[in-house]
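Protein chains get the first letters and strands the later ones, always in sequence-line order, with residue 1 at the start of each.
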Number of protein chains: 2
Amino acid sequence: MASRASTEKKLLDAADQLLFRRGVTATPVDEVLALAGVSPATLYRAFGSKDGLLVAALERRLDTWLLTWEAAVAAAPDDEARLLAVFDALETFRSRPDGARWCAFLGSAAEHADPPAPLAAALARDTDELRTRLRALAVPVVGEAGADELASSLLLVVSGDLAMRLRDGHVSASAARDVATAVVASARRKTGR
Amino acid sequence: MASRASTEKKLLDAADQLLFRRGVTATPVDEVLALAGVSPATLYRAFGSKDGLLVAALERRLDTWLLTWEAAVAAAPDDEARLLAVFDALETFRSRPDGARWCAFLGSAAEHADPPAPLAAALARDTDELRTRLRALAVPVVGEAGADELASSLLLVVSGDLAMRLRDGHVSASAARDVATAVVASARRKTGR
DNA sequence: GTCTATATGCTGATAGAC
DNA sequence: GTCTATCAGCATATAGAC
């Protein structure tokens, strides 16, 4: 006897494993249903549509990602390591069983010409969290003055790491971290720290 | 009286304008046909399938992109400017009437779980050209020893700039160039130049 | 011979009825 | 949970215009 919460969780788990590996459009609803062991009616009652399930999966995923990132920050020894911990977290998150091919948020947004509002909101929240938290972690490293610019630069590097996963396999895991290290050093020099 | 070459060009132009702005899957073939003012039979005779047209459009697009980049390199005053000219070219290319929402190659690849061979080859060629040419431009700046690593780093920054276009509009046009400048400075310091 | 216009088979996703 | 209707998009076939 399946409770409502557990069938919804099964659907979200299935969505996580399929939609973000194969792509949203490329994955038939039937496969999600089959993996979840759930009937179509359940999906449409709980989430309204395939897109509804997608958005719910993204929201849950963002929470998980932020926890992963927080753990990496907590494990880092000093201010600069805390700022760069996002790259450790990316690696950890990528190696999860439901790790996306590149990025669940960017990938979902990229599939729509003009993403529907709830989907755009999910990506915007991801972007905001990245920028805001990077900025907060940047303050101890370069001070208030340089924090905005450094956060934007690092967000670009993070996005670059994600996009590189779509290209051929030449990419070393530490490439993004190396670039970020250079960016931080440059910002430090600029602010005299 | 429409010649064979001209109808094919009309299809490629329409593909450029629609597929890479709205996304490949998101654009029905019918719209491409309507914009090109061409009948279905013409498309399927010339390109075999929607995907065939896509690949042909990507191939033509890569040639155009490389010409744009070469022009930007030629206009740059010194070795470092030539290495960073790729960011000028990105801006120029983006502002074309058929400029992609983010990146025609990454976007097309992202839509397939496991891209069909001709599509994968198109993206691989894009990646190879970027890496190889960046490496050649890096040699005068940091020497043979550091050129591979610098090229890889800059490729990541380029990809980051492209991916940022999927996020919200906070991005300044010079952000990628600033990051790249820091990366080049760091590489220079490392190789003692 | 190359194109246009139109009609149609086919497949698979979505949604809802039972 | 099964089963079915609807709908959209891709691909092809046919017939005729330049």
Write down the distance between [atom1] ([X]) and [atom2] ([N]), rounded to a whole number of angstrom.
{"X": "A:Tyr44", "N": "C:dA15", "atom1": "OH", "atom2": "C1'", "value": "6 Å"}
{"X": "B:Glu31", "N": "D:dC10", "atom1": "CD", "atom2": "P", "value": "10 Å"}
{"X": "B:Asp30", "N": "D:dA8", "atom1": "CG", "atom2": "C1'", "value": "9 Å"}
{"X": "B:Leu43", "N": "C:dA5", "atom1": "CG", "atom2": "P", "value": "15 Å"}
{"X": "B:Leu11", "N": "C:dC3", "atom1": "CG", "atom2": "C1'", "value": "12 Å"}
{"X": "B:Arg45", "N": "C:dG1", "atom1": "CZ", "atom2": "C1'", "value": "10 Å"}
{"X": "A:Lys50", "N": "C:dG16", "atom1": "NZ", "atom2": "P", "value": "16 Å"}
{"X": "A:Leu53", "N": "C:dA13", "atom1": "CG", "atom2": "P", "value": "15 Å"}

Within residues 19-28 of chain B: residues closer than 4.0 Å to DNA chain D (heavy atoms): B:Thr27, B:Pro28
Sugar-phosphate, base or nothing in reach of B:Gly37, heavy atoms under 4.0 Å: sugar-phosphate
Sugar-phosphate only, base, or nothing, as touched by A:Val38 at under 4.0 Å among non-hydrogen atoms: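 Answer is nothing: A:Val38 stays at 4.0 Å or more from every strand.
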Closest approach of B:Asp51 to B:Pro116 (non-hydrogen atoms, all atoms of both residues):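 In this case the closest contact between B:Asp51 and B:Pro116 is OD2-CG, 3.6 Å.
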A:Lys50 (side chain) donor-acceptor with A:Pro28 (main chain) under 3.5 angstrom: no
Using 4.0 Å as the upper bound for N to carboxylate O, is an ion pair formed by [Y] and [X]?
{"X": "B:Arg135", "Y": "B:Glu144", "result": "yes"}
{"X": "A:Arg165", "Y": "A:Asp161", "result": "yes"}
{"X": "B:Arg167", "Y": "A:Asp126", "result": "yes"}
{"X": "B:Asp63", "Y": "B:Arg125", "result": "yes"}

Of the options [options], whose atoms approach the side-chain atoms of [X] most closely?
{"X": "A:Thr42", "options": "D:dC10, D:dG1, C:dT4", "answer": "D:dG1"}
{"X": "A:Pro40", "options": "D:dC10, D:dC3, D:dG1", "answer": "D:dC3"}
{"X": "A:Ser49", "options": "C:dA15, D:dT2, C:dC3", "answer": "C:dA15"}

Gap between atom CG of B:Leu166 and atom CZ of A:Phe105 - 0.5 Å precision: 13.5 Å
Any B:Thr7 side-chain nitrogen or oxygen under 4.0 Å from OP1 or OP2 of C:dC3: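 Answer yes for this pair, as a side-chain N or O of B:Thr7 is under 4.0 Å from OP1 or OP2.
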